[in-house]
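Following: one structure in structure tokens, then a few remarks.
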Amino acid sequence: MEQTFFFVKPEAVRRGLVGIVIQRFEARGLKLKKLAVKQLDKATVEEHYAHLKDKPFFAELVETITDGPVVMGVLEGVDAIKVVRNIVGATNPLEAAPGTIRGDYGTVLPHNVVHASDGPETAEIEIKRFFG
Ligand code: UDP
Ligand code: MG
């Protein structure tokens with residue numbers, strides 16, 4: 001069994017998409033191990049997206065993740081990291097396949113509904129960062 005971290009982004013929380021996102025993970029057999037509603041602070045979000053700090057969209061990205069609460073959680077299952085990334089879909093919702101969360105509910109970057117860890121190391125770091 002493997003664990004991974006996700007959060008529903010503030011714009012999607014405002015749109016009422018929390019239930020749909022969690023339903024898709026549960027329908028695929030993933031087990032919810034932790035769940036929380038939280039207003040993230042700027043420093044935490046800047047650390048979380050540090051790999052993108054030189055990109056032109058960094059400031060807007062941090063702004064959109066701190067402009068309201070996220071709903072964040074830990075999911076567990078066989079190959080959970082890869083399975084969740086597949087359910088979430090491609091980063092750009094305009095390129096994400098129909099049937100994926102981003103392909104069905106994403107609008108225009110940086111708004112792509114949900115974050116999910118991209119590998120075993122980031123999953124471990126992110127679970128610690130957001131749940132201690
Ligand atoms: N992002 C953006 N423009 C881009 C690439 C990424 O606004 O050209 C935002 C988008 O919200 C994305 C986040 O930055 O989810 C993190 O980017 P990453 O490359 O880690 O994509 P992800 O892992 O979320 O698919
Ligand atoms: Mg990423």
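When reading the values below, keep in mind they use all heavy atoms of this one structure, side chains included, and skip hydrogens, waters and symmetry mates. Both ligands and their constituent atoms are indexed starting at 1 by order of listing.
- Thr91 OG1, 3.3 Å is the protein heavy atom nearest to atom 21 (O) of ligand 1.
- With a 4.0 Å cut-off on non-hydrogen atoms, Asn112 touches ligand 1 through its side chain and not its backbone.
- Hydrophobic clustering keeps Val18 apart from Met72 (ILVMFWY residues linked when any side-chain heavy atoms are closer than 4.5 Å, directly or through intermediates).
- Applying side-chain contact (heavy atoms from CB on, under 4.5 Å) to Pro110 and the options Lys9, Glu11, Glu60 leaves one that passes, Glu60.
- Protein heavy atom at the shortest distance from atom 8 (O) of ligand 1 is Phe57 CE2, 3.5 Å.
- Close approach to Pro110 involves these atoms of ligand 1, each under 4.0 Å from a residue heavy atom: 7 (O), 10 (C), 11 (O).
- Note: the hydrophobic cluster containing Val8 also contains Val37 (ILVMFWY, side chain heavy atoms under 4.5 Å, direct or indirect links).
- At the top of the distance list for atom 9 (C) of ligand 1, counting protein heavy atoms only, stands Leu61 CD1, 3.8 Å.
- Numbered from 1 in the order shown, with element, the atoms of ligand 1 that lie under 4.0 Å from a heavy atom of Leu52 read 14 (O), 16 (C), 17 (O).
- Heavy atoms of other residues, nucleotides or ligands lying less than 6.0 angstrom from CZ of Arg28 number 12 at most.
- Between Phe130 and Phe5, the angle of the ring planes stays under 30°, which puts this pair in the parallel group of the 30/60° scheme.
- In the vicinity of Lys9, heavy-atom distances shorter than 4.0 Å reach the ligand 1 atoms 10 (C), 11 (O), 12 (C), 15 (O).
- By the criterion of a heavy-atom distance under 4.0 Å, neither the backbone nor the side chain of Asp118 is placed next to ligand 1.
- Within the 4.0 Å heavy-atom criterion, the part of Arg85 lying near ligand 1 is the side chain and not the backbone.
- In summary, of the residues considered (Gln3, Lys34, Lys31), a side-chain hydrogen bond (donor to acceptor under 3.5 Å, both in side chains) with Glu76 occurs for Gln3 alone.
- Contact analysis leaves Glu60 out of contact with ligand 1, as no non-hydrogen atom separation drops below 4.0 angstrom.
- Considering Leu30, Val114, Asp104, Val84 in turn, Asp104 is the only one that fulfils the side-chain contact (heavy atoms from CB on, under 4.5 Å) rule with Arg24.
- The ligand atoms of ligand 1 that sit less than 4.0 angstrom from a heavy atom of His51 are 20 (O).
- Residue contacts with ligand 1 include Arg102, since one or more of its heavy atoms lies under 4.0 Å from the ligand.
- By the neighbour-count criterion of 12 heavy atoms within 6.0 Å, atom CD of Glu121 is sparsely surrounded, having that number or fewer from other residues, nucleotides or ligands.
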